[in-house]
Number of protein chains: 2
Amino acid sequence: MANEEEVVCVDFWCNEFGMRVRIALREKRVGFGFVEEDLRIRERSELVLQMNPVHRSIPILIHRGRPICGSLNIVEYVDEMWGQKSGARLLPVDPLERANARFWADFGDEKMAAKEELLYHLKCLEGVLGEKDFFGGKEFGFLDVALIPFSTMFYGYKQHGGIDMTTECPRLMSWVGRCEERKSVQSVLPTGLDMYDIHKEFYAFRGYEQHGGFDLEEECPDLIQCVKRCKERESVRHVLPDEDEMYELHKKWYGIE
Amino acid sequence: MANEEEVVCVDFWCNEFGMRVRIALREKRVGFGFVEEDLRIRERSELVLQMNPVHRSIPILIHRGRPICGSLNIVEYVDEMWGQKSGARLLPVDPLERANARFWADFGDEKMAAKEELLYHLKCLEGVLGEKDFFGGKEFGFLDVALIPFSTMFYGYKQHGGIDMTTECPRLMSWVGRCEERKSVQSVLPTGLDMYDIHKEFYAFRGYEQHGGFDLEEECPDLIQCVKRCKERESVRHVLPDEDEMYELHKKWYGIE
């Protein structure tokens, strides 16, 4: 019965966490419907509230009418449910390698607020990749699915953080190239420039208000005037973290998965 | 070769996250060595620094000389590695049920800073349990292993937070009783009173200094005097969260798994 097996992905096009789910589905050649949840709008849709009442976040995979939440959780589900179909599993068979892949996928999700910390994390991942083609070895797998969406932010890192990934993490950049040769990745990942533009709009001042659920100009006009005066000072500009660097942190704070 | 198959658990006796690992090992009847890492001491041991250089946290499972980190990750590893031996798997076979178990295990690990939020989380879990004997159904499984260590804090919730779990979450309390009938749980879980005593010592002011890695009295004497004067005020006492309620949050902040 077609309806019984229907697969729907609720996501926003530039959500790095949701990209994982869409890549995994395409890797397994699973046809799916896409319901866009516009994260720039403050209120969550009825569908999201109904399907993920606990976190009210996306991505959500709906299969046989039941929701699965949490992006890495969904990728594992997709791997277990449709792993046989494609012949290849995203997670390795060996329990120790599976545990390693899960460990580094969680590591990829950690908060990275400051530039130094971000660079440390990226170089850790560069070390884990080593001389291998993909994180699991010769084949594209779970950890590649988990990490490749973050490469869409490398353009922003350069523009805002002054981080040149080609110099800093050349192996990671070669890996990005290899991943981008795959159709599943090509069909899901937006360009760095597209991501940069939406992040600027999204996670800067206006985005902050939208996700925090309050209009700062309206709620605290005096505070906002004070903030603006402070930001005119060199000392403040020097210390305040870059808005793009705050991106990962904000997503966690506001429960955007 | 005995050495090749050696299993070592690096943990501290009252670490809720580590209890999961020890319960899982006992459920699978895996013999293991226990290396105590005293979390009350600021510096981490050479073994922890070597085996978990990324997070420097416990628990760590060492098997065949290689480390596995992250408590839920380790429980899955134990389940996959020794699941056949005992005949029963901790994670359900059905992919959707597996995804559900992982989702709620992650939910159990979320930060719970305020009393209202903690109660909301507990009642959510009470709802997930429903009329079932265990979270997975009739058998003790993955989610029971993941959640039962937190029951050692219920005594503290009552003493400090005024939360009476018997009234608030009667089903959860019956579930605790059923879990405590298992030898694996009996042999690992400390009593609520023991946990309460060590938490008081551990996560209050002295614990804060130990885990944050600085001596506040020495570093900021004026600030500490100011804090003490503030705490004498009714308004401040009324607003400041309970130290025990800050426990979960601090553990995350200071990277204690």
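Chain A is the first sequence line, chain B the second, and so forth, proteins listed ahead of strands; every chain is numbered from 1.
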Per-residue contact mode, A/L96 against chain B (heavy atom under 4.5 angstrom): both

Enter the distance from B/R66:CZ to A/E97:CD here, rounded to the nearest 0.5 Å. 7.5 Å

What is the distance from atom CG of B/D94 to atom CD of A/E80, rounded to the nearest 0.5 Å? 9.5 Å

So, for A/Y120 and B/P53, which heavy atoms are closest and what is the spacing to 0.1 Å? OH-O, 4.4 Å

What is the minimum heavy-atom distance between A/P95 and B/Y77, and which atoms define it? O-CD1, 3.5 Å

With chain A, which of B/I68, B/V54, B/N100 has the greatest number of heavy-atom pairs at distances under 4.5 Å? B/V54

Can you tell me if CD on B/E36 sees more than 12 non-hydrogen neighbours from other groups inside 6.0 Å? yes

